[in-house]
Amino acid sequence: MAVGADWQQADRTPLIYDRSHPGRRGVRLPAPDVPALDEAALLGPALARTAPLGLPEVAENDVVRHYTALSQMNYGVDTGFYPLGSCTMKYNPKVNEWVAALPGFQRVHPLQPEDTVPGLLEFLASMESILGEISGMDAVTLQPAAGAQGEFTGVLLMRALIRARGEERHTLIIPDSAHGTNPATAAMAGYRVAVVPSNVRGGVDLAALRGLVNGDTAGLMLTNPNTLGLFEDEILEIADVVHSAGGLLYYDGANANAILGEVRPGDMGFDVVHLNLHKTFSTPHGGGGPGSGPVGVKAVLEPFLPGPRLHRAPSGALSWDDDRPQSIGKVRSYYGNVGIVLRALAYILSHGPDGLREVAHTAVLNANYLRARLAERYPTRYDRSVMHEFVLTLAGQKERGASALDVAKRLIDYGVYPPTVYFPLVVKEALMVEPTETESKETLDRFADALAAIDQEIDATPDALKTAPHHTPVGRLDEAEAARRPNIRWSAGGGRPEPTGP
Amino acid sequence: MRYIPHTADDRAAMLAAIGLSDTLSLFGDIPAAARLGRPLRVPGPLTEMELQATMRRDAAQNRSVEDLVCFLGGQFYDRFIPAAVGALAGRGEFATSYTPYQPELSQGTLAAIYEFQSMMAGLTGLAAAQASMYDGASAVAEAALLAMDTTQRLTVVMDRGVFPESRQVAATYVTARGGRVVVPAPDQSLEELLASLAEPPAAVVVQQPDVLGRVRDLRPLAAWAHERGALAMAAADPVALALIEPPGRMGFDVVVGEGQPLGNGLQYGGPTFGFFCVQDALVRRLPGRVVGATQDGAHKRGYVLTLQAREQHIRRERATSNICSNHSLNALQATIYLALLGPEGLREVARLSTAKAHYVVDRLTALPGFARMAPDAPYLFEVALTVPGSVADLNRHLLDRGILGGWDMGRWDRAWAGGWQLAVTEQRTRAELDQLVEAVASWR
């Protein structure tokens, strides 16, 4: 924390509006080199804007100081350890940013003629085939903007194939441990959701699954390893049950970091897969995005993919082909998050085949090592070796008076971003830890030591947990109050600017 | 292997701690029949030095707007981006952070989103905004779903003037939910289509300015919709909103749009962001994340994600949308851009672009056979022209002279065959505009 940083003196999280001063400007534009236009005359009183724009008036230095201050109130992977389960907060290599910023990639308009962007199209084509190889799929679209949009695309592809077979099916089966996006996606596509419970080993309950599938089953959405960090070791039987009923298998790629180069969704029996480039392939999360959620399919689903698709002419030249009569339609404008795809491609090229497998092996080693270090005080509900992440249950700590949330908030005082709390829903007082492969043994040891110390504090100094965190710009915020009386935009109230309700 | 810190000793010590001799035994749950059992067939590895050399060479194969004079638009514009935007948004504390679920460690992201929501609500003339969508097209699609849920109706009327990318994405989303998108026939006006409807729709969606460049008075449309219990929705260009009365002030309920023009690079179409603003009564129906102000135990003002009971991680199949990752970093770029420009700066960007567009269009339409496709309404900085002959041929002629000509609109929609959509930004100099006119005049 820099000495004298503005926000340390502030009694509140600052806003750019606090610095606004009428007449100040951050950027000046060149004087017009064409005759000026009278916009009032052009638009007339019905169309010309009368409402104020409501933007702050600040100098460039104000803007730089303000957003630098805000950045200092944030915590990223660049700041420190970020063991957020299911999010794969691995290190984001700087060279990937450099690649995406090259003018030949960055300063290119989506409507440029294809023959002006041959290098870019070659990269996109090679990324499609690389992701197909990694996931064991025959065709890939890079269009979906995020994992959830990939899921949506995948579910629509499944329906298109089922309809092409002359059938209508209305139910998607989803495990009780699934990410919230799975059921939300199913609903968005108009499907009914049937929940399959977990068995005593933390996997899909095969007997329950057999009881659920029928002629209305469109498919099963599954994450493997699942959100408990456990590999579904009955996956081939699961696939068989779903396929025998005429359904399809959807692979949620959120946890693909654990399996790179060891096993592929296509070889496990999955028909459709999405990959989160912002998880497995190291592109930065950006405070909530942008991500990228390419979707891979088996050949039988290829005709239904969103257009346009890259087409290679006999001459070798690539172009966009939008003549796809069976397509589910577009899910996003143009070609997806190309800038994110380029970063992920740079990451894959940096690693090569052995490097990618090493990623998975190290991520799994780190998770198992950390789990072992914590086992004495923090048990996992299922006594099996885990893949890339694990879920602790803090039921014992809860009985001693500290919730998973208290422990998470206290971890902040130890300089760590807290793991995911209260997810998955099938574990009581869950703390979901994913260390990733880019963290060293010392970092993992420090984290384990911090959790051990906190466990002792529960009995010795319980207030230290209840009032945590202690060194952040703000303490625990009143979320109930925020939802009860939403104040979601600033407005100038006169005098000192204070936020008011909409 | 370049980002893994472990030494051989580290690995040995860690394996010893868990009582194993190798990491492969940790993969024992994977059925043998499913194992890959061979190396992945992917290229690499490359050192950073090799990677930079390769990428620099391949990027150089592409022609960019750095060496071509760009008149392409279609919701993506070659606008000026001040250096401070990238310098600030690129800071690792912003770029490498996750969704701000832990507010004590995320006040930077949260405060910036709160500012973003405030700025976008102000620009569109509405009460509230959410934290960002993937792009303008998916924002239009999610707006259509919001209308279907709110009204419990299945038909969404979309003007033909809505950008085709948005219309197509909306059709995918609406059809998936069991609804339908109805678009006026090529020879039919929106008003004629509305008059012919047997039942009132969930919403009427228009683009402002529309794909032909027209700026229109939307008040009658808002009145028509509200009389029938439908929602009035607009997709708007955020820079144009600096000059024109925003749809929110013309009675519209929802205003969405593509955010690329606000401080985001072209990047061959993404990532950018979409914005999504609503009137007061629809706040709890917003898709995606919303940030609100609150206070901590010491009454210190801070920001949190709020109204989360709408969202997938809480509501699962009853959520308003499945959106999880949004485009936060792109929205941050827009926030910084708008702060740098301020109200006067943004107006100047729109004014300069408009003056330059009118300068060049006046000269082009003085050439034989060139005319505006929709001369009945004013336009700003993007406009559709008809040309005497093949648009593709004209564009090839221009490309040979270093110019990215306007878009061949017939490739979007047969109704616009022969249409040439020209976009002019504040970055085009008079010399470049004269160069375009001269090149067009030399065609044929």
Side-chain angles (χ1 to χ4, degrees), chain A residues 12-13 26 33-34 37 53-55 57 67 70-71 73-78 102 104 107-108 110-111 116-117 119 145-146 148 180 183-185 187 189 231 233 284 286-291 329-330 333-334 337-339 349 352-353 355 361 369 440-441 472 474-475 482 487 489-490 499 502, chain B residues 1 5 10 14 18 23 29 39-40 44-45 58-59 61-64 72 88 91-93 95-97 99 104-105 107-109 118 122 127 134 137 165 168 172 176 267-271 292-294 296 301-302 306 312-313 316-317 319 322 324-329 340 342-343 355 359 430:
Chain A
R12 60 210 286 278
T13 300
D33 55 0
V34 297
L37 205 71
L53 285 174
L55 297 172
E57 297 179 64
Y67 290 99
L70 288 190
S71 78
M73 303 173 78
N74 240 29
Y75 187 104
V77 176
D78 282 6
L102 284 166
R107 306 264 292 135
V108 175
L111 293 174
T116 63
V117 287
T185 298
F231 193 87
D233 51 5
K330 286 183 78 75
S333 54
Y334 301 115
N337 286 343
V338 172
L349 292 176
H361 275 246
Y369 172 75
S440 67
K441 179 173 176 294
T472 46
V474 293
N487 166 354
R489 67 176 286 197
W490 180 87
Chain B
M1 269 170 269
D10 291 335
M14 292 169 79
I18 54 177
T23 48
D29 280 342
L40 286 169
D58 291 340
Q61 291 179 17
N62 304 314
R63 302 191 70 185
S64 73
L72 285 168
L88 292 167
R91 287 179 65 94
E93 299 91 330
T96 71
S97 63
T99 302
E104 301 90 341
L105 289 179
Q107 283 300 298
T109 293
S118 307
Y134 306 133
E165 297 280 324
Q168 290 165 15
T172 306
Q267 197 103 61
Y268 203 48
T294 186
D296 69 7
R301 166 86 57 197
T306 192
Q312 50 78 27
H313 64 287
R316 301 176 77 85
E317 65 267 28
N322 73 339
C324 179
S325 281
N326 57 12
H327 282 201
S328 197
L329 197 64
L340 283 165
Y359 172 87
R430 181 175 188 151

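Labels below follow one simple rule: chain letters A, B, ... track the order of the sequence lines, proteins then strands, and each chain is numbered from 1. What you see below is based on every heavy atom in this structure, not just the backbone, and it leaves out hydrogens, waters and symmetry mates.
Of all heavy-atom pairs spanning B:Gln312 and A:Ala184, the tightest one is CB-CB, 3.5 Å. Nearest approach of A:Tyr369 to B:Ile18, heavy atoms of both residues: CA-CG2, 3.8 Å. Closest non-hydrogen pair, B:Thr172 versus A:Lys330, comes out as OG1-O, 2.6 Å. Counting all heavy atoms, side chain and backbone alike, A:Val338 lies closest to B:Gln267 at CB-O, 3.8 Å. Pairing each heavy atom of B:Cys324 with each of A:Ala148, the nearest pair is N-CB, 4.3 Å. The two residues A:Pro353 and B:Gly44 have their closest heavy-atom pair at CD-O, 3.7 Å.
With chain A as the partner, the residue from B:Pro271, B:Ala95, B:Gly302 showing the most heavy-atom pairs under 4.5 Å is B:Pro271. Most heavy-atom pairs under 4.5 Å with chain A, from the set B:Glu165, B:Gln61, B:His313, B:Arg63: that is B:Glu165. Taking B:Ala355, B:Ala319, B:Ser118 one by one and counting their heavy-atom pairs under 4.5 Å with chain A, the maximum is reached by B:Ser118. With chain B as partner, the option from A:Gly54, A:Ala145, A:Gly26, A:Gly286 having the largest number of non-hydrogen pairs under 4.5 angstrom is A:Gly286. Annotation: maximal heavy-atom pairing with chain B below 4.5 Å, among A:Pro183, A:Ser440, A:Gly76, A:Ala189, occurs at A:Pro183. Annotation: maximal heavy-atom pairing with chain A below 4.5 Å, among B:Thr306, B:Leu40, B:Asp58, occurs at B:Leu40. Put simply, of B:Gly122, B:Ser328, B:Gly269, the one with the most heavy-atom pairs under 4.5 Å next to chain A is B:Ser328. Per-residue heavy-atom pair counts under 4.5 Å with chain A were compared for B:Pro343, B:Ala137, B:Gly292, B:Gly92, and the maximum is reached by B:Pro343.
Between the OG atom in A:Ser71 and the CD atom in B:Gln107 there is a gap of 13.5 Å [rounded to 0.5 Å]. For the atom pair B:Tyr268 OH and A:Asn337 CG, the distance stands at 14.5 Å (nearest 0.5 Å). Atom CZ of A:Phe231 and atom CG of B:Asp29 lie 7.5 Å apart (nearest 0.5 Å). To the nearest 0.5 Å, atom CG of residue B:Leu340 and atom CG of residue A:Leu55 are 11.5 Å apart. Going from atom OG1 of B:Thr109 over to atom CE of A:Met73 covers 11.0 Å, rounded to the nearest 0.5 Å.
With a 4.5 angstrom heavy-atom cutoff, A:Leu102 touches chain B only via side-chain atoms. Interface remark: B:Leu72 contributes backbone and side-chain atoms alike to the contact with chain A (heavy atom separation under 4.5 Å). Within the 4.5 angstrom heavy-atom criterion, atoms from both the backbone and the side chain of B:Ser325 approach chain A. Both the backbone and the side chain of B:Tyr134 have a heavy atom closer than 4.5 Å to some heavy atom of chain A. Contact of B:Arg91 with chain A is made through the side chain alone, with heavy-atom distances under 4.5 Å.
Without hydrogens or angle criteria, A:Asp78 side chain to B:Thr96 main chain gives no donor-acceptor distance under 3.5 Å. Between the side chain of B:Asp296 and the backbone N or O of A:Val474, no donor-acceptor pair lies under 3.5 Å.
Annotation: side chain of B:Leu329 is in contact with side chain of A:Pro290 (closest heavy-atom distance under 4.5 Å). Between B:Glu93 and A:Tyr75, every side-chain heavy-atom pair lies at or beyond the 4.5 Å cut-off. Under the 4.5 Å side-chain criterion, counting only non-hydrogen atoms from C-beta, A:Asn74 is not in contact with B:Leu105.
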